[in-house]
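The next block holds one structure in the form of structure tokens; read it before the comments.
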Amino acid sequence: MEYNFRKIEEKWQKVWKETEVYKTDVNFSKPKFYILDMFPYPSGAGLHVGHPLGYIASDIFARYKRQKGFNVLHPMGYDSFGLPAEQYAIQTGEHPAISTERNIKRYRSQLDRLGFSFDWNREFKTSDPSYYRWTQWTFIQLFHHYYCNDLQKAKPIADLISHFEKHGTEQLNVASTNLLNFTSEEWKEFSENEKQNVLLNYRLAYIAETWVNWCPKLGCVLANDEVVNCLSVRGGFAVERKLMKQWILRVSAYADRLLEGLNKLQWNDSIKEIQRNWIGRSEGAFIQFPIQNSELTVDVFTTRPDTIFGVSYMALCPEHSLIDKITTQERKDEVAQFLSEVINLSEVERAAEAKKIRGVFTGAYVIHPFTNEPIPIWIADYVLAGYGTGAIMAVPAHDSRDYAFAKYFNLPIKEVIAGGDITKEAFEAKEGICVNSSFIDGKNVYDGGKAVIDKIIEKKIGHGTVNYRLRDAIFSRQRYWGEPFPIYYKDGVPYTLDEEELPLTLPQVDKFLPTEQGEPPLARAENWKTKDGYPLETCTMPGFAGSSGYYLRYMDPHNNDEYFSKEANEYWQNVDVYVGGAEHATGHLIYARFWNKFLFDIGLCCRDEPFEKLINQGMIQGRSNFVYKIIGTNTFVSYGEKDKYSVIPLHVDVNLVKNDRLNIEKFKQWQPEFANAEFILENGKYICGWEMEKMSKSKFNVQNPDDLVEKYGADTLRMYEMFLGPIELSKPWDTNGIEGVHRFLKKFWRLFHQNDNSEFYLSTDKPSAQELKILHKTIKKVQDDNERFSFNTAVSTFMIATNELLDLQCNKRDILLPLAILLSAYAPHITEELWHLAGNKNSIVDANYPIFDASCVEETSHIYPISFNGKTRLQREFSVQLTQKELEALVLADAEVQKWLDNKTPKRIIIVPKKIINIVV
RNA sequence: GCGGAUGUGGCGUAAUUGGUAGCCGCGCUAGACUUAGGAUCUAGUGCCGAGAGGCGUAGGAGUUCGAGUCUCCUCAUCCGCACCA
């Protein structure tokens, strides 16, 4: 029988489904292994070609681990809240739940055709109320917790209240939005509303007025990682700055732990580095500069306390709250003029004009704490509101931005670190000797900085501190298709719903658009209030809400009483291997770690980090093909001849091209204007040019995995995708070469058959030493490759083994069945079929992984390459028993060695056993 | 500008610890089978050279008996961040 992949794949997919082979349960008698894919957003376009790459890799590993005796959790679901479904709903009026359901069906059928070993019993989508109930529940917990810096842990807000009752803010070391100061007496006298507003300053989920990335086109606020180059990642619309009241998660409280935690994780260095940069830790000092003739201070963060004697002006960001209070009467107009110019500039314009120097003097001065000199306070738009304190001490001699500003406005530049030439440029190196610096003269940069910090602590005007670039995550979206907040308002103050009232399900609305008053779509819902009549929050949660804790829910997805049971969590612990794209480095992978750490703090989950090992699959790029049309004609020139003519390249559908050779007949039929096209060929063929580009319909380079499954089968597609190259490398989606893999599977099939494939046959004869050697070196190599996720090399190992066994015409059961088990993780359908043809009744999924026997691959002799001065000249086979001396004698006795020696005496002979022989002449 | 990664035949890639550079596959060339071939099978295929041989892992230097692999410099490509004080 020929290898009929269509029949085989359909048959086994049905059997696997009916017998629930992939169902997993907690089983304390077996070691667990949790391998997870980043779940997809079910878009209308269907499964993206990049998706299968990661899914296939994780599926291979899951199957391998199972055969190695692990109880493997390998679930799949959908990240089904999101903007595209809502945009579609706005256009068509169709409820996003309906289009989402349709898209999920399509995804599911595409996934099913690839033969994945997902446990579909655990499937859920983030838009299921039974799931988002726990997203809302977690939000409530965040609201009722604050972060204690001393314990480095989230604590119940009740603890904070009792601290306020006893001590006010005295001795408080907690994460907060602003530094507040009040006594216990003052706290007790606060009204209920005042107390609630104070507490928002500490809650891990809080509402506050902030500058946000507002996308008018989407009618929605976006997180920093959802904005690239001032355009929305989804849709590519312009984004501007707007001051709005927003729910925010205090992710920054966890900055230090998010940074520290990276060291223990098996993630690749580039992702860790991206996260480190994103968190952006810098050590320095917090210093308060007293304002002349005022009680107020300008608070700054600096990484260079050693340069404090070089300060020549202070610079505030344009949004700074001090500006109104300190600007002198005579400067007011000019400052107001400046602010109106700068603040209204969108981010795009600011970025575009980054080089332009803009600033204005406030008329006010601070007093230098050590020299008592007055120092002017400026407003500068290069100072960012969102970082540090929004104000800096400017040291032009040692900071290039300050330098440019000082030059432009003619401010003094005072050298305080020796080693540069400050007449030409700022000397920014963090090394050198302090000069012109009073008590730190002669010290190096590091010691000088430390001495300054000691002095400011003594003077009670500051301290050494650590600052992070990581900002709190804005959590409100002015949108319909997301989780409703379990929040209502009483006198404008937010309170959480009772946990019993969850889930708070999405209400029906007449339109998915903002109201005429500009309120979010939920404001359209009738009766969007609590049973006591208090109004509910009208924003919904962002896309990353549902994906931040989904891996925990897979452990116990049908639990109606809790997020997940303690038992399930203690068994499954956390994700051992997480597979997905590197584009989530600063979004999902930070939020999920934050979410997990919080749940860990409150004792819900038992592991501090959610994902032990991370595999980043590379991006799939498109490969376009081109034809070359002679300008002004309907004649097309083949690639090799095109330079002889004046041509324009045109995209041609890659489905009309095979191995860059154009199917001319199909091309003529493709579009009416090509029906009468003429061709200038080379060697009788029309060869197309090609280029790597983004995959898109307009470039005619989209290839659908379904078509390839139809043509070659899932096993071929699975193996081909792995064969393309290392999993983490970005690579073109190029189907040249898929035939080679398909041919391999046909050869593999042939091993198990005789008489021209007409009859299944396995011999029960004892395998030869040679056959055993092939099997066992394959076991070793494939196993090692699996362990290090090197699936491309494993595929070629299978090809080598198959070629070698075909040469030997091996048909031994004891060789071929273990080989089928090895291959089954890669090509589950064909191997399951052969396994059953061989008389097995159980699934190959449950077969034991073959055990490597080193004695089968031991060499009795080795073919040594013999080189002279490192250049290989000949090969000789020697027994591995020989001593170095014996080997040396044999080598020198060899006639050809003597020829290469050319009567010279070798200076030295290097023999590396079982490796090489090198003769130094 | 800062940080990270990558660079090997016509193409995708391999070489796990410094030890025969180019495995496996595509493509290409030739042959067999065939009514036919964009099917299948067999052989060949890094470059230069008729050959002996020489040259080859982005380029240059170095360490070493020996370097794709280690060190330094340069270049190119990709990714991330980008007034982060």
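Proteins come first, then strands; the chains are lettered A, B, ... in the order of their sequence lines, and each starts at number 1.
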Using a heavy-atom cut-off of 4.0 Å across all strands, would you classify [X] as base, sugar-phosphate, or nothing?
X	value
A:R876	nothing
A:N792	sugar-phosphate
A:D402	nothing
A:I738	nothing
A:R743	sugar-phosphate
A:S867	nothing
A:Q875	base
A:I910	base
A:K666	nothing

Could you work out the separation of [N] and [M] based on their [atom1] atoms and round it to a whole Å?
N	M	atom1	answer
B:G54	B:G49	C1'	8 Å
B:A39	B:U34	C1'	10 Å
B:G4	B:U74	P	15 Å
B:C41	B:G25	P	11 Å
B:U77	B:G66	C1'	31 Å
B:C65	B:G60	C1'	24 Å
B:C2	B:C70	P	24 Å
B:G9	B:U69	P	15 Å

What is the base-pairing partner of [N], counting Watson-Crick and G-U wobble geometry with both distances under 3.5 Å?
N	answer
B:G27	B:U45
B:A15	none
B:G22	none
B:C72	B:G60
B:U8	none
B:C81	B:G1
B:G37	none
B:A67	none

Item to check | Separation of A:H398 NE2 from A:I422 CD1 (nearest 0.5 Å) | outcome: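 Here the rounded value is 6.5 Å.
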
Looking at [options], which one has an atom nearest to any side-chain atom of [X]?
X	options	value
A:V383	B:A85, B:G19, B:C65	B:A85
A:K871	B:G38, B:G25, B:C55	B:C55
A:Y382	B:C83, B:G25, B:C65	B:C83
A:T793	B:A14, B:G38, B:A85	B:A14
A:N918	B:G38, B:G66, B:C24	B:G66
A:R873	B:G54, B:A15, B:G25	B:G54
A:N803	B:C65, B:G25, B:C83	B:G25
A:P865	B:C81, B:U16, B:U20	B:U20
A:E273	B:A85, B:U16, B:G3	B:G3
A:N277	B:G19, B:A14, B:G3	B:G3

Checklist entry - Is the closest side-chain donor-acceptor distance between A:Y64 and A:Q783 under 3.5 Å? => result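 No, no side-chain donor-acceptor pair sits under 3.5 Å.
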
Checklist entry - Do the side-chain N and O atoms of A:Y387 and A:S282 include a donor-acceptor pair separated by under 3.5 angstrom? => result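 On atom types as modelled, these side chains qualify, holding a pair under 3.5 Å.
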
d([atom1], [X]; [atom2], [N]) in whole Å:
X	N	atom1	atom2	value
A:N616	B:U6	CG	P	14 Å
A:I800	B:G22	CD1	P	13 Å
A:L724	B:G12	CG	C1'	7 Å
A:H862	B:U20	NE2	P	9 Å
A:L614	B:G4	CG	P	19 Å
A:F744	B:G12	CZ	P	23 Å
A:I271	B:C81	CD1	C1'	14 Å
A:K711	B:A39	NZ	C1'	13 Å

Next on the checklist: Less than 4.0 angstrom from a charged side-chain N to a carboxylate O is my criterion; do A:K780 and A:D784 meet it?
Outcome noted: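 Yes.
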
Checklist entry - Thinking salt bridges, do A:K885 and A:E888 make one under a 4.0 Å N-O criterion? => result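 Between A:E888 and A:K885 there is no salt bridge, as every charged N stays at least 4.0 Å from the carboxylate O atoms.
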
If you compare all heavy atoms of [X] against all heavy atoms of [Y], which two are closest, and at what distance to 0.1 Å?
X	Y	answer
A:K414	A:F309	NZ-O, 2.9 Å
A:Q898	A:L892	NE2-O, 2.7 Å
A:M314	A:F289	CE-CD1, 3.4 Å

Next on the checklist: Pick the closest RNA chain B nucleotide for A:I863 and for A:D399 by heavy atoms, then say which residue is nearer the 5' end.
Outcome noted: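 On the 5' side of the pair lies A:I863.
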
Next on the checklist: Both A:T872 and A:S790 contact RNA chain B. Which one's nearest nucleotide lies toward the 5' end?
Outcome noted: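 Upstream on the strand: A:S790.
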
Checklist entry - Within the distance-only criterion (no hydrogens, no angle test), does the side chain of A:T389 pair as donor or acceptor with the backbone N or O of A:A391 below 3.5 angstrom? => result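 Checked: pair present.
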
Checklist entry - Is there a salt bridge (Lys or Arg N to Asp or Glu O under 4.0 Å) between A:R876 and A:E896 once you walk through the steps? => result CA-CA 10 Å; A:R876 286 294 178 268; A:E896 206 176 336; 3.2 Å; yes

Checklist entry - Syn or anti for B:G9, with syn set at within 90° of 0? => result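 Judged by the O4'-C1' to base torsion, B:G9 sits in syn, the angle falling within 90° of 0.
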
Next on the checklist: B:A82, OP1 or OP2 - any side-chain N/O from A:R469 closer than 4.0 Å?
Outcome noted: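 For B:A82, OP1/OP2 do have a side-chain N/O of A:R469 under 4.0 Å.
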
